[in-house]
Amino acid sequence: MIGALNHVAIVVPDLEAAAQRYRDTFGAEVSSPTDLPEQGVTTVFVALGNTKIELLHPLGEGSPVAKFLERHPAGGMHHLCFEVEDIAAATQKLTAGGVRVLGDGRPSTGAHGKPVVFLHPKDCFGTLIEIEEA
Ligand code: CO
């Protein structure tokens, strides 16, 4: 059911410094920062050959990544994102298998303008997982 690894997300304390590191030091192709008010984050995408890195920084009050940054002030890995063809079918199968969907269980709009859901880390061996309809 799950397809490609769409991205690995890393929360960073300084988005510009992180983007610069990936662009200038690692020599990667780096996007401009994009605000996602619905998700409470600003994102920068780093394009790799086979997947992407999503650099995340808190946006606005009550950002879900603000607490993460408090616990990990230097930044750290936040979630993995897997692609699925049909998010409704995937969510149903995951829920039936005992994996909880965070929030109200319905998809929100992710960083690529596509429907996403997040899965409970306790049901995924300590890793926050995002599922994106690709
Ligand atoms: Co993501």
Side-chain angles (χ1 to χ4, degrees):
M1 178 183 67
I2 59 167
L5 176 67
N6 185 278
H7 59 268
V8 176
I10 299 171
V11 175
V12 297
D14 182 336
L15 199 52
E16 182 47 43
Q20 197 175 16
R21 171 63 48 84
Y22 276 96
R23 187 180 52 236
D24 300 341
T25 312
F26 286 113
E29 193 184 307
V30 171
S31 77
S32 307
T34 304
D35 291 343
L36 297 178
E38 191 183 343
Q39 307 284 353
V41 293
T42 303
T43 65
V44 166
F45 275 94
V46 179
L48 305 175
N50 55 349
T51 189
K52 297 182 275 291
I53 292 172
E54 176 183 47
L55 302 173
L56 291 174
H57 191 74
L59 173 70
E61 306 246 322
S63 167
V65 298
K67 274 200 195 115
F68 182 94
L69 210 45
E70 275 170 33
R71 290 196 306 272
H72 310 277
M77 208 207 89
H78 187 258
H79 66 264
L80 302 178
C81 177
F82 300 127
E83 297 178 0
V84 295
E85 273 180 25
D86 179 341
I87 199 159
T91 302
Q92 200 172 22
K93 185 172 164 59
L94 288 161
T95 306
V99 177
R100 286 167 288 174
V101 173
L102 297 182
D104 64 7
R106 282 194 306 239
S108 59
T109 304
H112 307 107
K114 293 177 178 164
V116 301
V117 294
F118 285 89
L119 308 177
H120 203 302
K122 285 191 176 148
D123 300 335
C124 303
F125 312 98
T127 302
L128 178 63
I129 292 180
E130 177 181 19
I131 299 289
E132 179 181 291
E133 190 167 275

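Counting convention: from 1, in listed order, for ligands and their atoms alike.
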So how far is it from Leu80 CG to Ile129 CD1, rounded to the nearest 0.5 Å? 6.0 Å
Atom pair CE/CG of Met77 and Leu56 - distance to nearest 0.5 Å: 11.0 Å
Note: with side-chain heavy atoms under 4.5 Å as the link, the other cluster members for Phe45 come out as none
Closest heavy-atom pair, Gln39 versus Ser108, reported as atoms and distance to 0.1 Å, is NE2-OG, 3.1 Å
Members sharing Tyr22's hydrophobic cluster, built from side-chain contacts under 4.5 Å between Ile, Leu, Val, Met, Phe, Trp and Tyr, are Ile10, Val12, Leu15, Phe26, Val30, Val44, Val46, Leu48, Ile53, Leu55
Using 2.8 Å as the cut-off, note every protein N, O or S atom close to the Co ion (ligand 1). His7 NE2, Glu54 OE1, His79 NE2, Glu130 OE1
Among residues at least two apart in sequence or on other chains, which ones pass salt bridge (charged side-chain N to carboxylate O under 4.0 Å, His left out) with Arg23? Glu16
